[in-house]
Protein chains: 2
Amino acid sequence: MLDERKRQVLFAIVRDYIQTAEPVGSRTIARRYEFGIGAATIRNEMADLEEMGFIEQPHTSAGRIPSDRGYRYYVDSLETLPELTVVDATLIKRHFGGRLRGHEIVLEATARLLSSLTNCVSIVIGPSAAQTRLKVMQVVPLNELSAVLMLVADNGLVASEVVRLPEGLSVVDLDEVCRVITAHYQGRTIDRLHEMNFSAFAGGIGARAETFERAMDKLISGLERLEGERVVLGGASNILNQPEFKDLAKYRDVLKVLEVQELVQKLVATSTTNPYSVSIGAENHLNEMRDCSIITARYTISGEGIGHISILGPTRIEYPRVLSLLNYISKLIGQG
Amino acid sequence: MLDERKRQVLFAIVRDYIQTAEPVGSRTIARRYEFGIGAATIRNEMADLEEMGFIEQPHTSAGRIPSDRGYRYYVDSLETLPELTVVDATLIKRHFGGRLRGHEIVLEATARLLSSLTNCVSIVIGPSAAQTRLKVMQVVPLNELSAVLMLVADNGLVASEVVRLPEGLSVVDLDEVCRVITAHYQGRTIDRLHEMNFSAFAGGIGARAETFERAMDKLISGLERLEGERVVLGGASNILNQPEFKDLAKYRDVLKVLEVQELVQKLVATSTTNPYSVSIGAENHLNEMRDCSIITARYTISGEGIGHISILGPTRIEYPRVLSLLNYISKLIGQG
DNA sequence: CGTTAGCACTCTACCTTGATGAGTGCTAAC
DNA sequence: GTTAGCACTCATCAAGGTAGAGTGCTAACG
């Protein structure tokens, strides 16, 4: 599709623009990257590349910048991840220091680390709780009117919900319900708890089915929100170091999206199969993100489920380096 | 200290500048606020006010803007909170709609509402857990190596922590510890749990005192972080609508502070006695906040403790309106 | 004596202008 | 096929020039 020389030129443009954020001209390439052809020849190649849609011109008589398609080609051509630089590697090691215990902390620390390394926004999403399994359901009475329902998952996450005791139901009844649920559903994955049918229970409980169903739904989604699928943002201010965000309006829109958790989750949602995903510019379905790229890696904590780490930056992001960083860190978290 | 006419002039300047964000000149005041004196007279008053430090001039031959001290005088002179406008009141009512249940949701909804009403950053801090009381300590075994410790408070909050079982200790031992703690400390406030002395326990437990102490500390701080003292930010992007933040560098510094939870908590910390507190410009001890004001109201949820709601904006913030808003909403949350 | 009109002065914001330089596209020669 | 040369385009920047808002001062007024 692209002959060798066109590739060389395209890659030079991409690399240079990623580094400098300035449109890159034919002279610059001829001088800085010497592959034995003159500026004029490069100009011809550039004209071709532009016609094919790999690069574009901000205005006549400016240099060229890669288009979304140009970046896409560049990313797809990266066969192998580069090594981490020594600097990056030591920074990461120092940051994670001794232990990797205590989840909440790790997510936040990771987010902060990544954003300071990349000057981009980082998004860390905790492992999904959907695939963990029920260990125990319990109830603790608070007073005559209310009690706490607790759901313990086999990875140690606990969700709790205060319920008002429905009239005519005592804590003893609730306790009985918990016992039954535990007996029936222990070892089942959390997402299957939705199927529970309370109206099948005996006595007053069956009649109060809706009350229980509502409480259970809250418990389950609480569990999902608690740590699992918890969304941690890092360094929304670091991205202001990037020259593209000198333009306020652009940054404002991006920030606005980041404030809505559901949108963030949708952005990060990866293609099912691949361990990495890269969404470049308009490939993101949100219009506000049309000038951003999002690179996401998956991590797995054995027995706890799947989470995601993402870096969001301008399309002019250091794809190879970020991919390496994410690769390294996702493995680090994964084995913790 | 200020005669009546000087007060009138100062207040006119403050109100006008709050509304327009433009330095206000003598002509403007004479025309827009008619208290029967001419522009020239006002100029004389302004010269006095400037010398006294209530207003300042961005540069020669510009209008005047209030200084921190001017705002302070204005705020201190507000005897009575104005009524909420009908618009504000209905927006709030609609937003809180039916129920006020489910804490986490309420905090976030409140933050979002406040920041959209004011075009400022809102900071909502959940009720402190320190004054709640221990209901029950429990342990649930996960597998041979680890278990979940759970601490239930009398307001229904639950903290949990996964612990590796120290060698030589079984779940049964742990269960015993929990039972003892529950028996001894039920009804005590959470912050007194720190005093617990594990080395007094019998057998292998005493020997493992540090393990337990560490776990307990984590539990307690987990409880505090969980909902209590949870910090929720809203609308960091809305503040970009304010003309003062056209200047990126300023906004960047503010945002950076907001990313560090501990700093945010310090900013919001109110004077002990007053239900409201207003920190204007340099009164904030953080240098980055020297051009911002923070208005904080306290709310109390009966039996759950004390929380805070703050609005952070430029010093040119609508003090009376924001105070009314905070007053209204803090009461609303409080009774929920 | 306090208040006011008038006026010269100051300073910013904005526009225009022109010079500079980077970069292109085309053409003709190698 | 490649390259040098050249005319042309366009953004950026500094310089100059104008308009407008606002001040401080002075002198006059009631």
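Each chain gets a letter, A, B and so on, in the order its sequence line appears, and its residues count up from 1. Small disclaimer: the values here were computed from a predicted structure and weren't measured.
Note: CE (M46(A)) to C1' (dG25(C)) measures 12 Å, nearest angstrom. Rounded to whole Å, atom C1' of dG22(D) lies 9 Å from atom NE2 of H59(B). Atom CD of E56(B) and atom P of dG22(D) are 17 Å apart (whole Å).
The nucleotide whose nearest atom lies closest to any side-chain atom of E50(A) is, among dT4(C), dG25(C), dA11(D), dG25(C). Picking from dT9(D), dA21(D), dT3(D) the nucleotide with the shortest atom distance to the side chain of S61(A) gives dT9(D). Side-chain proximity of T28(B) to dG22(D), dG25(C), dT4(C): nearest is dG22(D). Listed candidates were dT2(D), dG22(D), dT3(D). Nearest to the side chain of R5(A) is dT2(D).
Residue T41(A) places at least one side-chain N or O closer than 4.0 Å to OP1 or OP2 of dT3(D). Applying the 4.0 Å criterion to OP1 and OP2 of dC8(D), one finds that T60(A) has every side-chain N and O outside that range. Of the side-chain N and O atoms in R64(B), one or more sit less than 4.0 angstrom from OP1 or OP2 of dG24(D).
In terms of modelled atom types and a separation under 3.5 Å, the side chain of Q242(A) and the main chain of N119(A) share a donor-acceptor contact. Between the side chain of E108(A) and the main chain of V232(A), no donor-acceptor pair closer than 3.5 Å is present. Judged by distance alone, with hydrogens and angles left aside, the side-chain atoms of R290(B) form a donor-acceptor pair with the main-chain N or O of N287(B) at under 3.5 Å. With T315(A) contributing its side chain and C292(A) its backbone, the two residues share no donor-acceptor pair below 3.5 Å. D16(A) places no side-chain N or O within donor-acceptor distance of the main-chain N or O of I13(A), the cut-off being under 3.5 Å.
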Give every pair of a protein N or O atom and an N or O atom of nucleotides 5-7 of chain C that lie under 3.5 Å apart, one pair per line with the distance.
residue: dG6(C); atom: O6; partner: R43(B); partner atom: NH2; Å: 3.2

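K256(A) and E288(A) are not joined by a salt bridge, as no carboxylate oxygen comes within less than 4.0 angstrom of a charged side-chain nitrogen.
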Exercise. Treat a base pair as Watson-Crick or G-U wobble with both distances under 3.5 Å, then lay out DNA chain C in dot-bracket form, 5' to 3', with | for cross-strand pairs.
Key: ||||||||||||||||||||||||||||||
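With sequence neighbours excluded, the residues satisfying side-chain hydrogen bond (donor to acceptor under 3.5 Å, both in side chains) with D88(B) are T85(B), R321(B).
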